[in-house]
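Throughout, numbering of the chain's residues begins at 1 and tracks the sequence. Keep in mind it's a predicted model, so treat the numbers as computed, not measured. Both counts, for ligands and for their atoms, begin at 1 and track the order of listing.
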Amino acid sequence: MKTKLLFPFFLFLFCLLTNAQTTGKYVLVIHGGAGGMDENMPDSLKQEYLSSLNKALEIGEQILANDGTAIDAVEKVINYLEDNPLFNAGKGSVLTSEGKAEMDAAIMSGKDLSCGAVTGVRKIKNPISLARAVMEKSQHVFFAGEGAEKFAKEIGFKFVNPKYFIVENRYETWLKEIKKKKKGTVGAVALDKFGNLAAATSTGGMSMKKPGRVGDVPVIGAGTYANNKTCAVSCTGWGEKFIKNTVAFNVSAMMEYKNMNLRDAVSEMINNRLSPDDGGLIAVDKDGNFTLQYNTKSMLRGYVTSDGKRDVIIWQK
Ligand code: ASP
């Protein structure tokens, strides 16, 4: 008799809990850097950029649609872009004035504000995954250079020869084109079906930067930020300006403290706090609203949502 009553009760509780846990709604927004992409670039190169952005969206959507988490989606999207030599992150990173790749990355979970970042890494194939390991496997949030790689070794990360990051003449024609342009940092923000937000950004930094220079990307609150109360943000552009203006955190702060909506908060930073040509950012809020704004000539970008919105874009629409 007792069991007869208990079973429907637990079933009811289970349904209540699972329904409360999943909204069925997801959003993924990505960027491949802001800058001066030449509108007259060869069509083949343009197609290559667009198909790379599409592939990145597919990877993230696959995870989110199958009840995966926002943090997994942003990490895997960034892994793909890091391995893709067209972008300024992982393989294909721009080089310092001494001809070396020194990479920065950060990842943040809006659920509990946990975050991890690395700067100045030279031998880690996927810096974003090391940033995630810092978040999940250490008691710290930010590791630099040798210390970052020592930590990586301790937890069994695979190392690559620093030459791996320097793209060879495989894409000769494209490379010539790419070299003329400022290559793009990569970023992703996501809202998963459980209402959790996450942000991830990875970069080789600014071309010809001085060795040891740290940009905005790994500085939590400057180039990367996520908070379930507000939004997830990933920035790209002139890092020093994004640090001075604490751009990513300020978007969240304006939403939390001033009750501004996502679009207006981002516009305030891009149009009123930064200067023309400084860069751009992508952001998604806790309700699934998203925005992609920039004050440069172009920003490689894309989005996909559970309600069927999808696009990849380079210049103004
Ligand atoms: N924000 C990056 C940095 O300053 C560069 C970029 O986004 O293009 O390191």
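- Side-chain contacts under 4.5 Å among hydrophobic residues (ILVMFWY), followed directly or transitively, place Met208 with no other residue at all.
- Under a 4.0 Å criterion applied to the non-hydrogen atoms of Thr236, ligand 1 contributes the atoms 6 (C), 7 (O), 8 (O).
- Annotation: Thr185 places an N or O atom under 3.5 Å from an N or O atom of ligand 1; distance criterion only.
- Short contacts between ligand 1 and Met206, defined as distances under 4.0 Å to a heavy atom of the residue, involve ligand atoms 4 (O), 5 (C), 9 (O).
- Remark: distances from the non-hydrogen atoms of Gly237 to ligand 1 include one below 4.0 Å.
- A side-chain donor-acceptor contact under 3.5 Å links Asn79 and Ser129.
- Not counting sequence neighbours, the partners of Tyr303 by the ring-ring contact (aromatic ring centres under 6.0 Å, His included) test are Phe290.
- Checking only distances, Glu240 never comes within under 3.5 Å of ligand 1, N or O to N or O.
- Proximity of Arg213 to ligand 1 is established by a heavy-atom distance of less than 4.0 Å.
- The shortest N or O to N or O distance between Gly239 and ligand 1 is under 3.5 Å.
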Legend entry - Intermediate values then yes/no, side chain to side chain contact (heavy atoms under 4.5 Å, CB included), Phe242 and Leu274: CA-CA 8 Å; Phe242 283 76; Leu274 293 168; 3.7 Å; yes

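- No path of Ile, Leu, Val, Met, Phe, Trp and Tyr side chains, each step under 4.5 Å between heavy atoms, connects Tyr26 with Ile63, placing them in separate hydrophobic clusters.
- When each of Asp67, Thr69, Thr22 is checked for a side-chain hydrogen bond (donor to acceptor under 3.5 Å, both in side chains) with Lys193, only Asp67 meets the rule.
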